Number of protein chains: 2
Amino acid sequence: MRRGSRRGDILDAFTAMVAERGYDGTNFGDLAAGLGLSKGTIVHHFGTKEQLLTELHETYMRRRLAEVRVVWDALPGPAQRLAAFLHLGVRYQVVDRTATIAFQREVRRFAAAPGMETSRGLRDEYRQLVVSVLTEGERTGDFRPGDARLRTLQLFGSVHWMWTWFDPAGAEPVAAVAASYVDTYLGGLLADPSRAADLADPAGAVVAVVDEALAAGRAVAGLDADEDVGPS
Amino acid sequence: MRRGSRRGDILDAFTAMVAERGYDGTNFGDLAAGLGLSKGTIVHHFGTKEQLLTELHETYMRRRLAEVRVVWDALPGPAQRLAAFLHLGVRYQVVDRTATIAFQREVRRFAAAPGMETSRGLRDEYRQLVVSVLTEGERTGDFRPGDARLRTLQLFGSVHWMWTWFDPAGAEPVAAVAASYVDTYLGGLLADPSRAADLADPAGAVVAVVDEALAAGRAVAGLDADEDVGPS
DNA sequence: CAGGGTTGACCGTGCGCCCGGTCACACCGC
DNA sequence: GCGGTGTGACCGGGCGCACGGTCAACCCTG
């Protein structure tokens, strides 16, 4: 609505194209053609292709951190918090799908790129939150002792791999995937594994908070519907 | 040492470059320069860049399936087999590192590409083995009931994400990572979680078989040392 | 001398980015 | 109200380059 709606359109289209084709496969020509404007206009707004990517990454991570803040405040215990993180991670395959794919498919490649310091900082912040939840849970005795960093990376891996196979139009609903992941993962961590079922339950308290966080996030972003962009 | 040493050299160099820069970042010019020959020679041997990638993928998957066959024969129970799969998956970050990174960093992108049918078939075969181990283990009562496919994908995810962060020269030895992953994952699956520690143990029976399988695989490939190629 | 291995000049294409310029509009003193 | 001045979105052609791939000729080796 404001000045710069054009800018937003360009970033959105860029995001969609990166999700479909990857960064290298995305070019100004097709992007401009799809938007009905010229290559020069895109350059005018963003300067370089790299800048487009930087903004994509930063806005993405900021949305994620905002959501985490909500669950963090609403859920006290480390077990609930960890379960919520996992539920959230899985939900991104549907909630903010296009951006999620665009972001996840090549994160590693751009992690060390110049100009990406900010977004890398945000990612570190996110990861650190999970690590601290794990160490906290070990301290309280909720979790069996173990390496918090490795466990974090194990969790991140399963979530970051999802864009690879998950089909939002498929038979398997996201909630079911999240439930399965939480059940298995938390089952392996909890000192009392019988608690896992409750934390995984799609109708349980944890998921209720997760839904709330996602709704809040969508409100901030301006309720952009998540279209069904499938990567190629 | 290998038949068509020239061809082998080119494929090895290609693999190393893809691991470092990705497929798009890999070009004939640099590749040829690095090998001390001309672009034309590479084209003469392989025809297209795509062909290089196809061979990389197929040889990679064949090596992996050969290893799996060894553990499959040596280990009877589903719990042991599953643990061995995970140990193997983690070990690839060191054993066949360069090829592993070249393979994993963009698998998804080329999954549906024409000419990749064979390698995709091999990947399906590999995945199906894990799924069948999981269903078998559920039948025998070793594992708690759950969705075998989702659990497989969860496992694959954590393993496929490793190239992203694992540093073979770092303080954390692979065996420790594997132990942690197995302990957590199997702990979440087993009807009797106390069995997990034994399956994860780096000095245990499962790992012994895994080592054997990897040694056998390396013998077939012609004992190429695994250099420390770090992705960028 | 046959034929595979190798060369290096060359081609066509696609892409990121630049740049001179148009146009609509807001703001100004008069 | 009106000419003048500035601003910023947008255009579109094109430069320069890098890359995948071609090709005709050369050089060994058996």
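What you see is a predicted model, and the numbers here were worked out from it, not measured in a lab.
Going from atom OH of Tyr23(B) over to atom P of dC19(D) covers 14 Å, rounded to whole Å. Spacing between atom CG of Leu31(B) and atom P of dG20(D) amounts to 9 Å, rounded to whole angstrom units. Rounded to an integer number of Å, the gap from Leu35(A) CG to dC10(D) P is 10 Å. Note: CG (Leu37(A)) to P (dC11(D)) measures 5 Å, nearest angstrom. In this structure, CD of Gln51(B) is placed 15 Å from C1' of dG20(D), rounded to the nearest angstrom.
Applying a 4.0 Å cut-off to non-hydrogen atoms, the residues of residues 38-49 of chain B that approach DNA chain D are Lys39(B), Val43(B), Thr48(B), Lys49(B), listed by residue number.
Listed by chain and residue number, Glu172(B) satisfy the salt bridge (Lys or Arg N to Asp or Glu O under 4.0 Å) test with Arg149(A) (two or more places apart in sequence, or in another chain). The ring-ring contact (aromatic ring centres under 6.0 Å, His included) check on Phe28(B) picks up nothing, with sequence neighbours excluded. Judged as a ring-ring contact (aromatic ring centres under 6.0 Å, His included), and not counting sequence neighbours, Phe46(B) has no contacts. Checked against ring-ring contact (aromatic ring centres under 6.0 Å, His included), Phe85(A) has the following partners two or more places apart in sequence or in another chain: Tyr126(A).
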Would you tabulate the side-chain donor-acceptor contacts of residues 155-162 of chain A under 3.5 Å, counting partners in other chains and residues two or more places apart, or write 'none'?
unit_1    : atom_1 : unit_2    : atom_2 : d
Ser158(A) : OG     : Gln154(A) : O      : 3.3
Ser158(A) : OG     : Leu155(A) : O      : 2.9
His160(A) : ND1    : Phe156(A) : O      : 3.0

Donor-acceptor contacts, no H, no angles, side chain residues 67-74 of chain A, under 3.5 Å, sequence neighbours left out:
unit_1   : atom_1 : unit_2   : atom_2 : d
Glu67(A) : OE1    : Arg64(A) : NE     : 3.0
Glu67(A) : OE1    : Tyr92(A) : OH     : 2.9
Glu67(A) : OE2    : Arg64(A) : NH2    : 3.0

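Of all nucleotides in DNA chain C, those with any atom nearer than 4.0 Å to a heavy atom of chain A start and finish, going 5' to 3', at dC15(C) to dC17(C).
A side-chain donor from one of Thr100(B) and Tyr60(B) sits under 3.5 Å from a side-chain acceptor of the other.
For the salt bridge (charged side-chain N to carboxylate O under 4.0 Å, His left out) condition, the pairs that include at least one residue of residues 25-37 of chain A, sequence neighbours left out, are Arg21(A)-Asp30(A).
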